[in-house]
Amino acid sequence: MADVYRDPRLRELTGASVLVTGGGGLVGSRIVAQLAACGAVPIVLDRFDAYPQPVRDLFRVDRHGARVVLGDVRERATVKWLTGRADYVIHAAAYADVAACTRRPDTAFAANAHGTQTVLDAVVASPVKRLVFVSSAAVYGDGTPAGDGVVRFSEDRPLNPISVYANTKLWGERQVRLMLGGSGTACSIVRYFSV
Ligand SMILES: NC(=O)c1ccc[n+]([C@@H]2O[C@H](COP(=O)([O-])OP(=O)(O)OC[C@H]3O[C@@H](n4cnc5c(N)ncnc54)[C@H](O)[C@@H]3O)[C@@H](O)[C@H]2O)c1
């Protein structure tokens, strides 16, 4: 077993039920594999319509698997049922193609804003201990040059989304903090760069 899985902080994941929205996608499927390697029990909710089958095969998440639910994050009853049985939620489902979001802002809004709100509504009313929101470095825009003229990205840099996609991710971040801050559910936000 790789050393990273021996990190004592990961012990509480042993046997824990972790709902991964978008777990059938590029990033989500890697999260699912890492969770399984930690001894957690990942449960996937995904529409499974972002890729053709040969690509899905590469991600190795069987959409007919026992812990895989074919569905949309906007389906309230499904999300409520799943969060009611989860210890943790990693919300990675999104319309994640930046150019496609610009062409189809309505679809971006539906998946990334409406979908995120549905997940948050369910999590607030559930026993989930922590929600992790998968955001994007796109919230920084092109970045701002430091004094030496070099553009560096760090968490204290100004946020300047310059695309429909980035707007939806920043809205998601703020909505997570608004709805879960001060609630019984902890939250974390991670900003991936290009994967
Ligand atoms: N890939 C990157 O470089 C990158 C960088 C920064 C952030 N992210 C974030 O990581 C997450 C995953 O992105 P990805 O690159 O793996 O994209 P992806 O398209 O490979 O995965 C997204 C998954 O979400 C699913 N999905 C989309 N809308 C859904 C809905 N309404 N209901 C249920 N499932 C739905 C898709 O079917 C897909 O399997 C997203 O939140 C994205 O914003 C990705």
Side-chain angles (χ1 to χ4, degrees), residues 18-35 42-65 67-83 86 88-123 131-143 153-155 157 159-176 187-195:
V18 186
L19 173 63
V20 184
T21 71
L26 172 70
V27 169
S29 64
R30 297 310 85 207
I31 294 172
V32 166
Q34 298 277 334
L35 285 168
I43 296 155
V44 169
L45 172 63
D46 200 298
R47 287 169 54 102
F48 286 99
D49 61 355
Y51 298 97
Q53 187 62 48
V55 178
R56 285 204 295 266
D57 288 345
L58 294 173
F59 296 160
R60 293 171 192 242
V61 174
D62 177 6
R63 68 174 166 162
H64 305 295
R67 296 197 177 90
V68 176
V69 176
L70 178 62
D72 196 294
V73 284
R74 288 169 294 164
E75 292 166 13
R76 285 193 175 273
T78 306
V79 175
K80 186 177 176 202
W81 192 89
L82 289 167
T83 53
Y88 301 96
V89 174
I90 301 180
H91 179 40
Y95 196 46
D97 178 328
V98 178
C101 285
T102 301
R103 288 192 301 271
R104 296 294 310 271
D106 52 342
T107 307
F109 182 84
N112 303 1
H114 184 180
T116 296
Q117 186 63 50
T118 306
V119 170
L120 285 170
D121 287 341
V123 163
L131 171 115
V132 178
F133 178 66
V134 177
S135 186
S136 167
V139 297
Y140 297 112
D142 289 333
F153 292 88
S154 60
E155 290 186 5
R157 303 311 297 169
L159 303 178
N160 182 30
I162 54 171
S163 67
V164 171
Y165 168 74
N167 258 346
T168 64
K169 298 311 286 190
L170 184 54
W171 180 86
E173 288 191 9
R174 289 182 168 157
Q175 196 69 356
V176 165
C187 61
S188 306
I189 292 162
V190 290
R191 294 174 178 152
Y192 282 61
F193 282 74
S194 290
V195 179

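Residue numbers start at 1 and run along the sequence shown. Counting starts at 1 for both ligands and their atoms, in listed order.
- In terms of polar-atom proximity, defined here as any N/O pair under 3.5 Å, Tyr192 makes no such contact with ligand 1.
- The shortest N or O to N or O distance between Val73 and ligand 1 is under 3.5 Å.
- Contact annotation: the side chain of Ile43 never approaches that of Val20 to less than 4.5 Å [non-hydrogen atoms, C-beta and beyond].
- Of all atoms in ligand 1, listed by their number and element, those nearer than 4.0 Å to a heavy atom of Gly71 are 32 (N), 33 (C).
- Under 4.0 angstrom from ligand 1, the non-hydrogen atoms of Phe193 all belong to its backbone.
- Close approach of ligand 1 to Val134 is summarised as follows: ligand atoms under 4.0 Å from at least one heavy atom of the residue are 9 (C), 10 (O), 11 (C), 41 (O).
- Across the listed options Val44, Asp72, Asp49, Asp72 owns the non-hydrogen atom lying nearest to atom 31 (N) of ligand 1.
- Residue contacts with ligand 1: Gly23 is excluded, as none of its non-hydrogen atoms falls under 4.0 Å.
- Contacts of Ser135 with ligand 1, taken as heavy-atom pairs under 4.0 Å, involve the backbone alone.
- Taking every heavy atom of Phe48 and a limit of under 4.0 angstrom, the matching atoms of ligand 1 come to 37 (O).
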Can Phe193 and Phe153 be said to form a side-chain contact (heavy atoms from CB on, under 4.5 Å), step by step?
CA-CA 10 Å; Phe193 282 74; Phe153 292 88; 3.6 Å; yes
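- For ligand 1, the atoms closer than 4.0 angstrom to any heavy atom of Gly22 are 23 (C), 24 (O).
- Ring-centre distance between Phe109 and Tyr95: not below the 6.0 Å cut-off.
- Any N or O atom pair closer than 3.5 Å counts here, and Leu26 shares at least one such pair with ligand 1.
- Side-chain contact annotation: Tyr140 with Arg191, donor-acceptor N/O pair under 3.5 Å present.
- Among the atoms of Asp46, some N or O lies under 3.5 angstrom from an N or O of ligand 1.
- Residue contacts with ligand 1 do not include Ala138, since none of its heavy atoms lies under 4.0 Å from the ligand.
- Under the 4.0 angstrom criterion for non-hydrogen atoms, Ala92 is in contact with ligand 1.
- Among the atoms of Val195, some N or O lies under 3.5 angstrom from an N or O of ligand 1.
- Scanning Val27, Asp97, Val98, Thr116 for the heavy atom closest to atom 16 (O) of ligand 1 points to Val27.
- For Ala166 against Ser163, the heavy-atom pair with the smallest separation is N-OG, 3.0 Å.
- Residue contacts with ligand 1, taken as heavy atom pairs separated by less than 4.0 Å, involve Ala96 solely via side-chain atoms from C-beta onward.
- Below 3.5 Å of separation, one finds an N or O of Tyr51 facing an N or O of ligand 1.
- By the 6.0 Å contact criterion, CZ on Arg157 is enclosed, its count of non-hydrogen atoms from other residues, nucleotides or ligands being greater than 12.
- Side-chain contact between Arg56 and Val61 is absent, with no heavy atoms from C-beta onward closer than 4.5 Å.
- At least one heavy atom of Tyr165 lies less than 4.0 angstrom from ligand 1.
- Across Arg47, Arg30, Arg63, heavy-atom proximity to atom 30 (C) of ligand 1 is greatest for Arg47.
- At least one N or O atom of Gly25, backbone or side chain, sits closer than 3.5 Å to an N or O atom of ligand 1.
- Here's the thing with Ser136: none of its N/O atoms is less than 3.5 angstrom from an N/O atom of ligand 1.
- Proximity of Glu173 to Val139: side-chain heavy atoms (C-beta onward) are separated by under 4.5 Å at one or more points.
- Residue Val79 comes nearest to Thr118 through the heavy atom pair CG1-O, 4.1 Å, listed as atom of the first residue, atom of the second, then distance.
- Of the charged side-chain nitrogens involved, at least one lies within less than 4.0 Å of a carboxylate oxygen, so that Asp121 and Arg76 count as a salt-bridged pair.
- Residue Ser194 has at least one heavy-atom neighbour below 4.0 Å for each of these atoms of ligand 1: 3 (O).
- Neither the backbone nor the side chain of Arg191 comes within 4.0 Å of ligand 1, counting heavy atoms alone.
- Between Phe59 and ligand 1, a contact under 3.5 Å exists for no N or O pair.
- Those atoms of ligand 1 that come under 4.0 Å of a heavy atom in Ala93, given as number and element, are 24 (O), 34 (N), 35 (C).
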